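To find a chain, count down the sequence lines: A is the first, B the second, and so on, and within it residues start at 1. In this text, all values refer to a predicted model and were calculated from it rather than measured experimentally.
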There are 2 protein chains.
Amino acid sequence: MNKRVTIMDVAKLAGVNYSTVSLALRGDERIRKSTRDRVAEAASELDYTPNRLARSLSGGSSKVIGVMFTEMSHFFAKPLEALQSTFEKEGYTLSVHFSSWNRQRERNELIHFCENRVDGLIWAPTEWNGEAFIETNELLQRYKTPYVLLGLVEDDCPVVCNQVGGLIEEPIRLAVSYLKSLGHQHIGVATATRLPGHVGGMHRLRLQVIRKVFADYNLTLKESDILETSDHDHGGLEIALRIRENRGSRPTAILAAHDTLARGVAKSLLALGVKIPEDICLIGLDVVQRELDNGTTLASVSLEGEEATRRAARILMNIIGKPAGKSQAQKVIVAPQLILGTSCVPCS
Amino acid sequence: MNKRVTIMDVAKLAGVNYSTVSLALRGDERIRKSTRDRVAEAASELDYTPNRLARSLSGGSSKVIGVMFTEMSHFFAKPLEALQSTFEKEGYTLSVHFSSWNRQRERNELIHFCENRVDGLIWAPTEWNGEAFIETNELLQRYKTPYVLLGLVEDDCPVVCNQVGGLIEEPIRLAVSYLKSLGHQHIGVATATRLPGHVGGMHRLRLQVIRKVFADYNLTLKESDILETSDHDHGGLEIALRIRENRGSRPTAILAAHDTLARGVAKSLLALGVKIPEDICLIGLDVVQRELDNGTTLASVSLEGEEATRRAARILMNIIGKPAGKSQAQKVIVAPQLILGTSCVPCS
DNA sequence: CTGAAAGCGCTAACAT
DNA sequence: ATGTTAGCGCTTTCAG
């Protein structure tokens with residue numbers, strides 16, 4: 001590397017002291033306009049490029065926010081946008097890392113963030129109560145980097161820190177109570193619990209919660225009304241065919257464990273001539289895209305991920321630079337939203 | 001902030017000079033084992049955490065690789081893993097940024113990377129030949145940060161730099177020539193060009209290339225054999241129904257512009273009783289997941305994104321630290337792979 | 001084997 | 001309005 005250009009060189013060329021360059025380059029009003037221009041000119045002539053490492057080291061702040069997500073999935077796309085737009089206008093840049101569901105990696109990269117002196121951290125953990133989770137939190141608090149957890153919020157979270165997210169049961173409770181309020185008593189469930197990996201895990205967790213919520217609402221869930229598929233993306237048709245077959249004793253409404261599946265079921269039903277909501281009602285979870293064919297829109301429950309992310313960003317902004325974390329740890333619960341559509345009507 | 005712990009403090013506690021701490025902490029053999037242990041103990045007692053900013057500034061290398069992707073989508077998941085595994089074992093950390101298809105942002109964050117002195121850059125550009133693209137490249141070269149472009153490789157790319165990727169026409173040529181070699185003359189296309197945004201753009205581009213390739217291969221593509229849907233994820237059924245209807249004069253094979261769509265079509269056809277490959281053959285593009293029902297596997301063309309990424313990583317590793325970019329700019333073209341399946345057979 | 005000292009490039013309080 | 005000077009926390013020769 002042929003020696004990098006520094007403010008010294010610029011100072012020499014512009015014929016001023018190097019601290020003047022520092023100020024001038026950042027447009028400090030104390031420096032005369034003409035001088036600033038001269039400095040800027042010299043800088044561009046030399047292809048000067050500021051060294052943020054030095055700036056951060058000296059200034060005490062890197063103006064970078066670390067973001068720790070579990071995986072590179074579409075799911076985080078909008079939350080990321082929310083973070084981006086919040087922090088961008090405050091002069092912060094985001095650096096995103098992915099744990100890939102590997103706790104070891106998660107821990108290391110989190111530490112890495114801290115050692116690189118990010119000004120704050122948004123963290124969507126892979127788990128919320130394991131030993132590793134607790135330990136990593138302690139580590140983080142030792143580093144004193146402000147951070148906020150994003151995702152679920154459990155009542156009995158073993159760690160005291162800022163966290164923003166939704167409760168697990170709420171969205172399902174919302175969907176079920178909505179169906180029940182419409183008079184539905186015979187409700188089926190569409191799900192894909194046999195899937196491997198994270199998606200399957202989500203389905204299994206949700207089905208489990210659905211069972212619990214059904215019980216809470218005094219609804220019986222017959223095993224034969226649990227419509228399983230082994231394809232999250234394209235299993236809708238399989239389920240729709242079973243529903244069509246089962247003319248006589250089918251449920252009056254279906255709750256799908258995820259909107260992607262719900263959409264597949266819905267589009268397939270419509271294509272097969274089973275009318276929604278006339279023949280059967282349908283509601284999903286996690287808003288993906290609402291419009292179906294025939295002008296029907298899918299009812300669903302939004303988990304408000306973007307809103308949660310925005311809240312998390314705001315909290316982080318607030319605690320950054322505050323007197324040494326002497327702000328109370330906040331626990332913000334974002335309520336899910338019932339998104340009405342034309343796919344559900346009162347049970348006839 | 002109550003003063004951060006530094007090597008000075010550790011040195012004091014351990015009763016050695018602070019440069020000794022620096023060496024000891026990095027396990028330098030020149031320091032006696034017993035001293036190293038004492039230092040380590042003192043460090044952990046004080047909750048000492050090294051400051052990488054200072055280390056990078058002083059050491060001249062940040063051990064960070066900047067990664068610039070267009071959007072947070074599933075598409076980049078495996079490439080990211082490939083990068084991660086390559087660089088992790090060399091002691092580098094990845095910092096991922098997303099342009100969100102915004103050239104302005106893309107430029108800024110790229111600069112940001114450089115000013116933060118990342119050791120190298122992997123960049124999947126939003127466009128490959130606009131004015132902004134050229135200008136950003138010039139900028140990057142001025143910063144002298146080694147970088148390699150990842151994605152498409154066009155023959156007439158206006159910029160000379162390291163780049164790795166595939167050609168646009170090749171995968172389609174591969175699919176079409178395969179079908180033709182099986183004797184298919186009447187080939188239909190499944191696509192979703194009316195979609196908004198990036199996905200729609202991809203479909204439009206591909207259809208255009210498909211038209212060209214058909215012409216090159218002396219195949220006629222009737223407008224009525226272009227099977228359009230307006231749903232990338234769940235449009236398969238719609239298309240499958242049209243295929244089933246059209247018993248008499250339907251194509252003997254279908255080329256789907258993307259595997260997600262191909263899978264939807266395939267699963268729907270099977271469910272509707274149209275046999276693959278007996279009644280109709282099917283091939284996709286971009287391997288998503290190959291298994292269908294009935295033990296059928298989908299034929300497709302892999303774009304070898306992971307392989308390309310791995311190559312890009314290797315190139316970057318090689319030029320990092322090399323004599324001031326005095327290595328020739330490489331242009332690596334990764335060939336697509338025809339992935340055979342049971343969904344295509346010779347035309348009867 | 002360990003200590004002293006000179007930077008890395010920049011910021012910021014204090015002088016002039 | 002500009003220049004002086006002392007760090008920021010660490011690496012890295014070079015002496016001892």
Side-chain angles (χ1 to χ4, degrees), chain A residues 1-40 42-43 46-64 91 112 114-119 143-144, chain B residues 1-39 42-43 46-64 91 114-119 143-144:
Chain A
M1 301 265 180
N2 34 9
K3 256 186 132 351
R4 281 238 144 88
V5 182
T6 77
I7 32 173
M8 310 284 267
D9 304 307
V10 178
K12 227 169 284 165
L13 213 185
V16 295
N17 185 281
Y18 76 114
S19 68
T20 307
V21 175
S22 172
L23 293 174
L25 250 27
R26 282 173 298 154
D28 195 301
E29 292 290 336
R30 286 173 299 180
I31 308 297
R32 204 191 304 139
K33 180 88 171 62
S34 64
T35 318
R36 269 184 286 162
D37 290 347
R38 197 147 39 84
V39 171
L46 294 172
D47 276 348
Y48 166 73
T49 63
N51 183 330
R52 277 180 204 266
L53 290 180
R55 178 175 292 182
S56 303
L57 178 58
S58 179
S61 151
S62 63
K63 284 299 194 178
V64 172
H112 207 272
C114 293
E115 297 188 342
N116 274 303
R117 296 297 185 269
V118 295
D119 290 341
Y143 274 87
K144 304 207 202 94
Chain B
M1 301 264 180
N2 35 7
K3 256 184 132 351
R4 283 236 143 89
V5 181
T6 76
I7 32 174
M8 309 285 267
D9 304 308
V10 179
K12 228 168 285 165
L13 212 184
V16 296
N17 184 283
Y18 74 116
S19 65
T20 307
V21 175
S22 173
L23 293 175
L25 250 26
R26 280 172 300 152
D28 194 301
E29 293 289 336
R30 286 173 297 181
I31 307 297
R32 201 193 304 141
K33 179 88 172 66
S34 65
T35 318
R36 268 185 286 161
D37 290 347
R38 197 148 38 85
V39 170
L46 293 173
D47 278 349
Y48 166 73
T49 62
N51 183 330
R52 277 181 202 267
L53 290 179
R55 178 175 291 181
S56 304
L57 178 59
S58 178
S61 151
S62 62
K63 285 299 196 178
V64 172
C114 294
E115 298 189 343
N116 274 302
R117 297 297 183 266
V118 294
D119 290 340
Y143 274 87
K144 303 206 203 93

Can you tell me if the side-chain N/O atoms of [X] get under 4.0 Å from OP1 or OP2 in [N]?
| X | N | value |
| --- | --- | --- |
| B:Ser19 | C:dG3 | no |
| B:Tyr18 | D:dT12 | no |
| A:Ser22 | C:dC10 | no |
| B:Arg26 | D:dT11 | yes |
| A:Thr20 | D:dT2 | no |
| A:Asn17 | D:dT4 | yes |

First of B:Ala54 and A:Leu23 reached from the 5' end of DNA chain C, by closest nucleotide =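 Per heavy-atom nearest nucleotide, the more 5' residue is B:Ala54.
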In residues 32-39 of chain A, which residues come under 4.0 Å of DNA chain D by heavy atom?
->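 Listed by number, they are A:Arg32, A:Thr35.
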Locate the shortest heavy-atom distance separating A:Ser62 from A:Arg117; write the atom from each residue and the value.
->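 Scanning both residues, the minimum pair turns out to be OG-O, 2.7 Å.
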Specify the angle, to 10°, made by the local axes at the two ends of the helix from C:dC1-D:dG16 to C:dT16-D:dA1 when five pairs are taken at each end.
->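 Its terminal axes enclose an angle near 40°.
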Got a sec, which residues hit side chain to side chain donor-acceptor pair (under 3.5 Å) with A:Tyr48, two or more places apart in sequence or on another chain?
->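 Side chain to side chain donor-acceptor pair (under 3.5 Å) list for A:Tyr48, sorted by chain: empty.
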Scan B:Arg52 against the nucleic acid and name what it touches under 4.0 Å (heavy atoms): base, sugar-phosphate only, or nothing.
->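 Nothing, no heavy atom under 4.0 Å.
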